[in-house]
Amino acid sequence: GMCIECGGDKTAKGTTAPQLRKRMGWAGEMFFDVRITVLAAKLSPANRAHFEAMPYERKVYVITKMVERGLLT
């Protein structure tokens, strides 16, 4: 398995962006941060503004759902 620094600390508590990033580890952060950037670039200006106004935790949720549905890899 991955170390805690790379793969995240699954026992970390909380739902704020820093706590979520700690739980994901740097590998998870990279996965989501790249997809957040790619998705934002593909959205219309109005949808992009709405997406960018979302908190980080919500963006991660949106990306997770899109990956689960096969819309992003």
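Quantities reported herein were computed from a predicted structural model and do not represent experimental measurements.
- Linking ILVMFWY side-chain heavy atoms closer than 4.5 Å, directly or via other members, places I63 and V34 in two distinct hydrophobic clusters.
- Figure legend: R35 and F31 shown as a cation-pi pair, the cationic atom lying under 6.0 angstrom from the six-membered ring centre and within 45 degrees of its axis.
- By the neighbour-count criterion of 12 heavy atoms within 6.0 Å, atom CE of M66 is densely surrounded, having more than that number from other residues, nucleotides or ligands.
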Would V60 and L20 count as a side-chain contact (heavy atoms from CB on, under 4.5 Å) if you check the C-alpha gap in whole Å, the side-chain angles of each, and the deciding distance to 0.1 Å? CA-CA 9 Å; V60 168; L20 179 60; 4.0 Å; yes

Would Y56 and R21 count as a side-chain contact (heavy atoms from CB on, under 4.5 Å) here? Give the steps. CA-CA 10 Å; Y56 183 76; R21 287 179 180 276; 3.2 Å; yes

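- Scanning both residues, N47 and L43, for their nearest heavy atoms gives O-CD1, 3.8 Å.
- Smallest separation of non-hydrogen atoms from Q19 and T16: OE1-OG1, 2.9 Å.
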Stepwise side-chain contact (heavy atoms from CB on, under 4.5 Å) check, L39 with V62: CA-CA 10 Å; L39 177 59; V62 169; 4.2 Å; yes

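- Using a 4.5 Å cut-off between side-chain heavy atoms of Ile, Leu, Val, Met, Phe, Trp and Tyr, with links allowed through other members, M24 and V38 fall into different hydrophobic clusters.
- Qualifying side-chain hydrogen bond (donor to acceptor under 3.5 Å, both in side chains) partners for E57, counting only residues two or more places apart in sequence or in other chains: none.
- Annotation: cation-pi geometry satisfied between K59 and F51 (NZ/CZ under 6.0 angstrom from ring centroid, within 45° of ring axis).
- With sequence neighbours left out, the salt bridge (Lys or Arg N to Asp or Glu O under 4.0 Å) criterion links R48 to E52.
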